[in-house]
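Input: a single structure, listed below in structure tokens.
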Amino acid sequence: MACCALQIMGLIFGGVGMVGTLAATVMPQWRVSAHIDSNIVVFETIWEGLWMDCVSQMGIRLQCKFYDSVLALPPPLEAFRALMCIAVLLSIIAFLMAIVGVKYTHRTKEDHQGISIFILAAGVAFLLTGILVLIPVSWTGGSIIRDFYDPKVPTPLKRELGAALYVGWVSSALLIAAGAMYSIFWCWAGISPKSRYPPLSHPRPHKP
């Protein structure tokens with residue numbers, strides 16, 4: 001019963017992490033304009049994402065524009081795009097493998113090797129996806145904080161942490177937790193059959 005609950009919980013965590021990874025990838029709120037001067041009334045808020053930048057005017061009108069040229073983008077942004085796209089694809093594959101592993105576990109009780117392969121593949125894929133999401137999100141957050149406290153950076157260019165970064169951090173934590181759950185279940189499935197079903201000793205032939 002505990003193992004079934006662990007698999008279902010890992011499946012839920014992995015599914016939520018997969019949706020969060022996709023949302024963080026498409027959300028434009030990676031970098032948000034910082035309003036430092038309290039004596040200035042600001043009517044516009046700038047959002048910068050992986051694919052577009054947006055300008056929100058008084059929270060009513062929103063204008064977004066995709067980046068014109070891929071070659072003109074800075075190399076870190078191109079790398080973050082690639083990592084997040086790979087993470088989205090890998091999270092979908094991991095989620096599908098987790099579904100197959102859970103169904104196969106409930107249907108088949110004899111072939112523990114097949115169960116272990118599906119569960120192990122899903123666990124490793126979830127762990128790798130969580131790491132892939134954590135790299136661009138943490139890198140971007142670190143650069144934002146560094147530039148915010150750098151006096152050499154002009155005030156209009158300073159940015160704050162956007163909502164997409166928080167979504168990415170939560171998604172990464174859920175994906176890593178799901179991978180850890182499936183890895184624990186795989187270890188249990190590999191040890192449990194040996195302890196439950198010890199090898200039968202062959203009877204010795206009786207001498208006449």
Side-chain angles (χ1 to χ4, degrees), residues 1-30 49-52 76-142 161-199:
M1 184 64 67
C3 295
C4 296
L6 191 66
Q7 293 180 70
I8 298 300
M9 189 177 298
L11 190 63
I12 294 174
F13 281 10
V16 176
M18 176 188 65
V19 176
T21 301
L22 179 60
T25 304
V26 300
M27 287 174 64
Q29 296 97 333
W30 280 62
L50 298 179
W51 312 95
M52 67 182 75
L77 184 58
E78 296 180 2
F80 295 162
R81 277 184 172 186
L83 288 176
M84 293 303 294
C85 290
I86 295 174
V88 170
L89 181 61
L90 191 58
S91 65
I92 296 174
I93 296 175
F95 186 71
L96 295 177
M97 287 191 299
I99 293 176
V100 174
V102 171
K103 290 184 177 180
Y104 195 79
T105 301
H106 289 291
R107 290 181 179 178
T108 306
K109 299 298 183 182
E110 293 81 6
D111 189 5
H112 297 279
Q113 184 66 26
I115 297 174
S116 300
I117 290 175
F118 282 112
I119 295 299
L120 177 62
V124 172
F126 276 132
L127 288 173
L128 184 58
T129 305
I131 295 174
L132 290 178
V133 175
L134 189 62
I135 292 174
V137 171
S138 299
W139 192 294
T140 303
L161 302 176
L165 298 182
Y166 296 102
V167 174
W169 278 319
V170 174
S171 302
S172 176
L174 291 175
L175 290 169
I176 293 176
M181 290 178 184
Y182 282 111
S183 299
I184 292 173
F185 178 78
W186 173 76
C187 295
W188 179 88
I191 299 175
S192 179
K194 298 178 182 180
S195 59
R196 288 183 180 178
Y197 307 105

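- Among all heavy-atom pairs drawn from Ala122 and Ala94, the shortest one is CB-O, 3.9 Å.
- Panel note: side chain Ser91, backbone Ala87; a donor-acceptor pair is recorded below 3.5 Å.
- More than 12 heavy atoms of other residues, nucleotides or ligands sit less than 6.0 Å from atom CE of Met52.
- Note that the OG1 atom of Thr21 and the CG atom of Leu174 stand 9.0 Å from one another [nearest 0.5 Å].
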I'd like to know whether Phe95 forms a side-chain contact (heavy atoms from CB on, under 4.5 Å) with Leu11, so could you lay out the CA-CA distance, the side-chain angles of the two residues, the decisive distance to 0.1 Å, and finally the verdict.
CA-CA 7 Å; Phe95 186 71; Leu11 190 63; 3.7 Å; yes
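- Residues Ile176 and Leu127 form a side-chain contact, since some pair of their non-hydrogen atoms from C-beta on lies under 4.5 Å apart.
- Across all their heavy atoms, Ala125 and Met97 have their closest contact at CB-CE, 3.9 Å.
- To the nearest 0.5 angstrom, Leu22 atom CG is 7.0 Å from Ile92 atom CD1.
- Heavy atoms only, all atoms of each residue included: Met84 and Pro136 are closest at SD-CG, 3.6 Å.
- What you find for Gly14 and Ala178 is that their closest heavy atoms are N-CB, 3.7 Å.
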Under the criterion side-chain contact (heavy atoms from CB on, under 4.5 Å), I'd like the reasoning laid out for Thr129 against Met18: C-alpha separation, chi angles, the key distance, then a yes or no.
CA-CA 9 Å; Thr129 305; Met18 176 188 65; over 6 Å; no
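- Counting only distance, with no hydrogens or angles, the side chain of Trp51 and the backbone of Arg81 share no donor-acceptor pair below 3.5 Å.
- Note that CG of Leu50 is 8.5 Å distant from CZ of Phe80, once rounded to the nearest 0.5 Å.
- Annotation: side chain of Val137 is in contact with side chain of Trp30 (closest heavy-atom distance under 4.5 Å).
- The two residues Leu134 and Ser172 have their closest heavy-atom pair at CB-OG, 3.4 Å.
- Between Phe126 and Leu90, every side-chain heavy-atom pair lies at or beyond the 4.5 Å cut-off.
- The two residues Val102 and Ile119 come nearest to each other via the heavy atoms N-CD1, 4.5 Å.
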